[in-house]
K.L.:
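Please find one structure pasted underneath; my questions will follow.
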Amino acid sequence: MKTHSFLRIAFLAVILNGFIAFSSGQSTLRVAVSMPMLYDPPHIPVPMVRLSINGKPPALFVLSSAAPFVLFIDKASASELGLDTKTGWVSLQSVHAVDILGNPTIELDIPAAYVDESNLGRISLGHKIVGIVGSNFFAALPVELNFSEKKVTLYRNSVQEILDMEKDKYIAIKLSRPNPEAWVHTVEVSAPGRSHMEMQVATGSWLSSLATSDLKSVELAAIAHTLIGLGRLDTSGGDQIPTFLGRLEWLGVGSLKIRDVPCLVRLDMNERVSRLGVDILALFEQVILDYRSGYLLIKRPQGTLTARMPGVSGLTLQLSPAYKLRVAQVAPRGAAERAGFQVGDEIVAVNTHPTDRLSAAVVQVMLDGYAGVPQRVQIVRDDKIVERVLTPDSPFASNMLEKPFTAMERGTFGFNAIPVEIEWPGGGKEHFLLVTQITSEFTRRAGLRVGDKIIAVNGRKKWDESELSEFLQEVEELRLTVMRPGETGTREVRVKRQTAGAASQTNQQEGK
């Protein structure tokens with residue numbers, strides 16, 4: 001079993017979540033198991049369940065469809081659950097879901113678990129996470145994610161009984177099951193420029209992701225390198241996965257529409273699955289997933305929803321030798337500089353939540369928060385506690401973008417692009433210019449799109465940045481050899497140099 005590939009998304013979800021609160025109240029038709037963990041803000045939920053393994057006291061697990069085929073247990077926690085600590089498969093006597101009062105409820109059909117040295121216990125979340133449970137083990141019952149009450153509930157009813165009792169409350173969306181051997185489902189969604197596309201419902205993903213084949217209508221913000229060190233999540237080491245943050249103008253789920261949807265697109269041509277993350281589903285307050293009957297029930301919202309855009313705080317943290325979280329860098333003209341942060345400030349609380357039990361990675365996510373949402377941050381400076389109000393910027397603000405080539409930045413050819421270099425794990429490198437913005441209607445009509453990869457300019461495939469900048473100052477027309485996600489082969493796009501007057505006139509005509 002390729003366990004590592006299943007766990008990467010789930011680990012990313014774990015590292016970004018850290019506070020849990022308990023709630024009471026059950027109905028005769030439901031079994032309340034546990035509740036999502038939340039930051040407030042940012043409001044990034046990940047469903048957590050408490051399981052009793054072999055009659056041992058309850059332990060916290062991530063409920064994740066990103067690891068649908070396995071119950072994964074951290075090796076460091078195996079002995080506490082009465083298991084052999086050797087790496088690999090171990091047999092289980094019993095696994096029970098545990099209700100909010102700590103009592104075992106239903107028994108899950110999980111005969112074995114996979115023990116791995118991934119050091120989940122080292123992730124400083126303030127709560128000990130001992131493993132990840134695949135959503136297929138809950139496939140026999142509908143699972144409700146109630147984001148307003150902060151709890152996960154298992155229904156003993158069928159979806160049809162739920163709809164009969166509360167028919168005006170939910171919108172039912174049919175799921176498809178591409179692989180009959182696995183409890184992994186996809187939902188058909190719509191987006192600008194696409195009549196429909198398939199997205200996997202992923203409770204373990206903290207941010208929706210798109211495959212390269214679904215890139216056509218995405219506005220790009222910046223290239224990022226996400227560090228996910230398998231088994232070393234508390235260190236700075238790990239694999240570099242090239243990703244960029246994008247935004248869809250809207251996303252339709254069934255008959256429901258969400259505006260300004262943020263998404264991650266991985267520059268990995270082997271990544272062919274788009275995922276509808278639980279952060280997007282959380283906008284609906286309450287959803288019910290029934291894998292067996294293949295339905296997604298969404299609580300009917302009031303009007304069109306607007307997604308929360310991840311923020312950029314403009315500061316970078318580091319853990320000092322004395323295990324204190326200190327500000328290592330403050331970006332010029334960024335949100336942190338405007339709020340009055342300084343290098344060396346010690347972060348002790350975010351929105352009243354103490355940070356002494358949390359890792360630097362988790363606190364960084366808390367500080368970045370959401371664009372435009374104020375954060376109350378307590379710092380220690382000169383032995384005094386001071387509070388600063390930090391309002392993160394949008395990653396789509398001009399000063400947050402990766403700097404494009406200067407000649408393109410002035411819009412002389414009507415588009416912006418940034419250089420990308422990918423070194424593939426199996427060997428070989430790929431160089432291209434990634435089109436991040438179209439600034440002219442002339443260029444748009446010529447056929448260039450956001451997300452296009454420019455692999456040659458006027459026949460030349462290899463440039464350094466200074467050579468290309470000089471070349472762009474001299475020529476009046478560009479012949480761009482373009483590769484487009486979701487298509488095979490290349491196409492040629494011709495773009496002419498434009499004057500400011502011509503561009504302004506075109507924009508006025510388009511505005512009529």
Side-chain angles (χ1 to χ4, degrees), residues 193 212 215-225 242-247 265 267 269 312 331-333 394-424 428-487 489-511:
T212 52
L215 185 60
K216 296 179 181 178
S217 57
V218 180
E219 178 186 359
L220 308 183
I223 295 290
H225 291 280
T243 63
F244 59 80
L245 177 67
R247 175 174 58 188
V265 182
L267 291 173
M269 301 312 155
V312 179
R333 302 178 302 280
S394 166
F396 290 84
S398 58
N399 63 328
M400 293 294 140
L401 292 175
E402 293 270 359
K403 186 177 181 181
F405 288 119
T406 54
M408 295 183 186
E409 191 174 25
R410 292 200 304 271
T412 54
F413 289 102
F415 69 97
N416 290 339
I418 54 176
V420 177
E421 177 179 312
I422 302 176
E423 185 170 353
W424 299 106
K429 292 184 178 181
E430 185 177 0
H431 304 264
F432 56 87
L433 297 175
L434 182 66
V435 178
T436 59
Q437 187 178 18
I438 305 297
T439 61
S440 163
E441 190 60 30
F442 281 126
T443 303
R444 196 182 311 277
R445 289 175 179 173
L448 198 64
R449 296 179 180 175
V450 168
D452 282 348
K453 297 193 304 182
I454 301 174
I455 61 173
V457 180
N458 287 25
R460 291 187 58 177
K461 294 186 177 181
K462 291 187 177 180
W463 307 80
D464 63 34
E465 192 167 339
S466 60
E467 285 179 335
L468 185 55
S469 295
E470 292 178 5
F471 175 77
L472 292 173
Q473 299 288 347
E474 300 171 355
V475 298
E476 296 300 319
E477 183 180 72
L478 300 179
R479 290 183 292 106
L480 306 176
T481 305
V482 171
M483 291 185 65
R484 182 158 294 163
E487 298 181 2
T490 62
R491 62 172 65 202
E492 184 175 286
V493 177
R494 292 178 178 265
V495 179
K496 294 183 178 181
R497 183 184 297 277
Q498 300 160 36
T499 64
S504 175
Q505 183 179 2
T506 300
N507 292 334
Q508 289 176 7
Q509 291 174 349
E510 291 299 317

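Residue indices begin at 1 and follow the sequence shown.
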K.L.:
List in chain and number order the residues that pass side chain to side chain contact (heavy atoms under 4.5 Å, CB included) with Arg449, two or more places apart in sequence or in another chain; answer none if no residue qualifies.
P.N.:
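Result, side chain to side chain contact (heavy atoms under 4.5 Å, CB included) vs Arg449: Lys216, Asp452, Arg484.
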K.L.:
Could you check whether Glu492 pairs with Arg494 (Lys NZ or Arg NE/NH1/NH2 to Asp/Glu carboxylate O, under 4.0 Å)?
P.N.:
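Arg494 and Glu492: salt-bridged.
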K.L.:
Can you name the residues that form a side chain to side chain contact (heavy atoms under 4.5 Å, CB included) with Glu470, not counting sequence neighbours?
P.N.:
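Counting only residues at least two positions away or on another chain, Glu470 forms no side chain to side chain contact (heavy atoms under 4.5 Å, CB included).
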K.L.:
Going by side chain to side chain contact (heavy atoms under 4.5 Å, CB included), name the residues that satisfy it together with Ala456, two or more places apart in sequence or in a different chain.
P.N.:
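Residues passing side chain to side chain contact (heavy atoms under 4.5 Å, CB included) with Ala456: Lys461, Thr481.
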K.L.:
I'd like to know if the side chain of Thr443 and the backbone of Phe413 have a donor-acceptor N/O pair within less than 3.5 Å.
P.N.:
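Present.
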K.L.:
Would you mind reporting whether Leu472 and Leu478 have side-chain heavy atoms less than 4.5 Å apart?
P.N.:
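Side-chain contact under 4.5 Å: yes.
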K.L.:
What residues, two or more places apart in sequence or in another chain, satisfy salt bridge (charged side-chain N to carboxylate O under 4.0 Å, His left out) together with Glu474?
P.N.:
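Partners of Glu474 by the salt bridge (charged side-chain N to carboxylate O under 4.0 Å, His left out) criterion come out as none, since no residue qualifies.
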K.L.:
Quick one: list whatever passes side chain to side chain donor-acceptor pair (under 3.5 Å) with Arg444, sequence neighbours left out.
P.N.:
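Counting only residues at least two positions away or on another chain, Arg444 forms a side chain to side chain donor-acceptor pair (under 3.5 Å) with Glu441.
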K.L.:
Name all residues meeting the side chain to side chain contact (heavy atoms under 4.5 Å, CB included) criterion together with Glu476; count only those two or more places apart in sequence or in a different chain, and write none if there are none.
P.N.:
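Result, side chain to side chain contact (heavy atoms under 4.5 Å, CB included) vs Glu476: Arg497.
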K.L.:
Measure across Val493 and Leu448 and return the closest heavy-atom pair with its distance rounded to 0.1 Å.
P.N.:
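Where Val493 meets Leu448 most closely, the heavy atoms are CG1-N, 4.0 Å.
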K.L.:
Looking at Met483 and Thr490, what are the two nearest heavy atoms and their distance?
P.N.:
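So the minimum-distance heavy-atom pair works out to CG-CG2, 3.6 Å.
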K.L.:
Report the residues that fulfil salt bridge (charged side-chain N to carboxylate O under 4.0 Å, His left out) with Arg491, sequence neighbours left out, ordered by chain and then residue number.
P.N.:
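Arg491 satisfies salt bridge (charged side-chain N to carboxylate O under 4.0 Å, His left out) with Glu487 once adjacent residues are dropped.
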